[in-house]
Amino acid sequence: MTFLIIFLVVVIAVYVYVYRKNSGENIYKYISKQVGSAYEKFAPYSFKVVREKVKELGQEYTPKQYALQVGIFAVASAVISYLYFYNIVISIIYVFAAIMVIPYLTYLRCKRIYSEFIFEQIQVYTTNTIMEFATTQSFVKAIEGVYESGVLEDPIKSDVKAMIDLAYQNGTIDQSLEYMNSKYDYYIVKNMHQLFLQITNEGSKDSGEALENMSLDIDMLVENVYRDRMDRASFHKKFIQFGIILYLMVMLVQFLLGIESYIKMLDSILTQLLLHGIVVINTYFLLSGEKYYNEDVGAE
């Protein structure tokens, strides 16, 4: 209880200091500005593009949400580490370590949202191109129709425009298909392009059936991907709960041994190293689960 009081006093003191130093400016805006400056300086270009798209989609966290996330991580790490070591200095170190994990979690979350967005756009591109092709029987005319319909968003929209330009520039669709295949490694994209290339070069008396089968393949893939998303979300919730329980197993140990006996054990360096190892391994376990949950969404 004493530790929690001291920790809250420190947090309040830091808040007051920052607020006084930046009087007249909203504390959330100040924190957001400082984090944003560091982000612009150190974040890789590819991630900047991803995060900008997440902002466009309206799924970026607000400064208040980030502040709340920092607060939850700080308090949780402070309480858990103090229960392990009963040492304020160690707890403060773990608090900063926990806060430093937040940018990595933001990176994973943005990649997941961007991946979901790209997959949905690929679905729109392939489905609408097939429908346009069934009418025009020309791949270039089909992607022009999709481009002009306004159903696509960047970066897919810009890439489709590049495909159209390559087709007119080279007089064939080969380079256009290679360009799109290299940028979006989805088998539905490559299979659809291969089908169009075959129809264009060799002709087909009954392309309608082939196009219909391709549409069914896309529908089946989309269904499987959305089912996978729901399964992942369910797994993620249970996984986080299990990880928190693992952290709190130290309370069971203290209950069995007694708090005084447990604190005496902390005098041993070996015991402290073992406890640090438990914390690190459990943290790695949780981060690995987060990585799994957020990566390869929509992958085939």
Side-chain angles (χ1 to χ4, degrees), residues 46 49-50 53-54 56-57 110-233 292-300:
S46 58
V49 174
V50 169
K53 177 54 69 174
V54 172
E56 287 180 24
L57 295 173
C110 288
K111 280 191 66 176
R112 173 176 57 81
I113 294 172
Y114 186 76
S115 178
E116 291 174 350
F117 166 75
I118 290 296
F119 179 78
E120 289 169 359
Q121 284 289 290
I122 287 295
Q123 173 199 349
V124 171
Y125 163 69
T126 52
T127 302
N128 283 271
T129 301
I130 289 172
M131 290 190 296
E132 290 284 343
F133 187 87
T135 302
T136 63
Q137 292 298 306
S138 167
F139 178 71
V140 178
K141 294 296 182 183
I143 59 177
E144 280 183 329
V146 175
Y147 176 79
E148 293 170 359
S149 66
V151 295
L152 296 177
E153 297 181 36
D154 284 332
I156 304 292
K157 185 176 182 179
S158 297
D159 289 328
V160 171
K161 180 63 168 64
M163 291 176 69
I164 297 170
D165 294 339
L166 283 171
Y168 282 114
Q169 178 182 334
N170 297 298
T172 67
I173 65 172
D174 298 65
Q175 289 82 2
S176 299
L177 301 186
E178 290 176 5
Y179 170 81
M180 200 66 170
N181 288 345
S182 64
K183 295 209 68 173
Y184 302 99
D185 188 21
Y186 295 87
Y187 86 79
I188 56 172
V189 172
K190 293 181 177 179
N191 287 0
M192 184 188 74
H193 288 166
Q194 182 61 37
L195 176 61
F196 288 146
L197 184 63
Q198 182 178 350
I199 294 173
T200 301
N201 293 339
E202 303 175 7
S204 175
K205 294 181 179 180
D206 187 16
S207 61
E209 184 177 352
L211 293 172
E212 184 178 351
N213 290 335
M214 181 64 67
S215 296
L216 292 175
D217 287 343
I218 294 172
D219 292 341
M220 186 177 299
L221 172 65
V222 170
E223 182 182 347
N224 290 336
V225 168
Y226 280 102
R227 186 183 296 114
D228 178 66
R229 287 188 194 177
M230 291 187 290
D231 291 342
R232 282 177 184 241
Y292 166 78
Y293 170 65
N294 288 285
E295 285 194 337
D296 298 327
V297 178
E300 305 171 78

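In this structure, Phe133 has its ring center closer than 6.0 angstrom to the ring center of Phe196.
Listed for the Ser182 side chain is a donor-acceptor partner under 3.5 Å among the backbone atoms of Tyr179. Under a 3.5 Å cut-off, the side chain of Asn181 and the backbone N or O of Leu177 do form a donor-acceptor pair.
We find that Asp231 and Arg227 are not joined by a salt bridge, their nearest charged nitrogen and carboxylate oxygen being 4.0 Å or further apart. By the 4.0 Å N-to-carboxylate-O rule, Lys53 lies too far from Asp154 to be salt-bridged with it.
A cation-pi geometry, defined here as NZ or CZ lying under 6.0 Å from the six-membered ring centre and within 45° of its normal, holds between Arg232 and Tyr292.
Two residues are said to be in side-chain contact when any heavy atoms from C-beta on lie closer than 4.5 Å; Leu216 and Met220 fail this criterion. At least one side-chain heavy atom of Met180 sits under 4.5 Å from a side-chain heavy atom of Ile156. Taking the side chain as every heavy atom from C-beta outward, Asn170 and Asp174 never approach each other to under 4.5 Å. Side-chain contact between Glu132 and Thr135: absent, with no pair of heavy atoms (C-beta onward) separated by less than 4.5 Å. Between Ile188 and Asp217 the shortest side-chain heavy-atom distance does not fall below 4.5 Å. By the 4.5 Å heavy-atom criterion applied to side chains, Asp165 and Ser176 are not counted as neighbours. Here the side chains of Lys190 and Asp185 are in contact, with some heavy-atom distance below 4.5 Å. Taking the side chain as every heavy atom from C-beta outward, Glu153 and Phe117 approach each other to under 4.5 Å.
A donor-acceptor pair shorter than 3.5 Å cannot be found between the side chains of Gln123 and Thr126. Judged purely by distance below 3.5 Å, without hydrogens or angles, the side chains of Tyr184 and Asp159 pair a donor atom with an acceptor atom.
The heavy-atom pair separating Ala142 from Thr136 by the smallest distance is N-OG1, 3.9 Å. Nearest heavy atom pair, residue Val50 against residue Cys110, reads CG1-O, 3.5 Å. Across Ile143 and Val160, no two heavy atoms sit closer than the pair O-CG1, 3.8 Å. Across Leu166 and Gln175, no two heavy atoms sit closer than the pair CD1-O, 4.0 Å.
Taking CE from Met192 and CD1 from Ile130, the interatomic distance works out to 6.0 Å, rounded to the nearest 0.5 Å. Note that CE of Met163 and OG of Ser158 are 13.0 Å apart. Values are rounded to the nearest 0.5 Å. Between Gln121 atom CD and Glu116 atom CD the span is 13.0 Å, to the nearest 0.5 Å. One distance of note links CZ of Arg112 with CG of Asn294; it measures 5.0 Å at 0.5 Å rounding.
The aromatic rings of Tyr125 and His193 lie perpendicular to each other, with more than 60° between the two planes, well past the 30° mark. Ring orientation note: the planes of Phe119 and Tyr226 are nearly perpendicular, at an angle over 60° on the 30°/60° scale.
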Using the salt bridge (charged side-chain N to carboxylate O under 4.0 Å, His left out) rule, take Glu120 and Arg229 through it: C-alpha gap first, then chi angles, then the decisive distance, then the call.
CA-CA 13 Å; Glu120 289 169 359; Arg229 287 188 194 177; 3.5 Å; yes
Let me see the working for Ile218 and Tyr186 under side-chain contact (heavy atoms from CB on, under 4.5 Å), right down to the final yes or no.
CA-CA 11 Å; Ile218 294 172; Tyr186 295 87; over 6 Å; no
Show your reasoning for whether side-chain hydrogen bond (donor to acceptor under 3.5 Å, both in side chains) applies to Glu144 and Tyr168.
CA-CA 11 Å; Glu144 280 183 329; Tyr168 282 114; 2.8 Å; yes
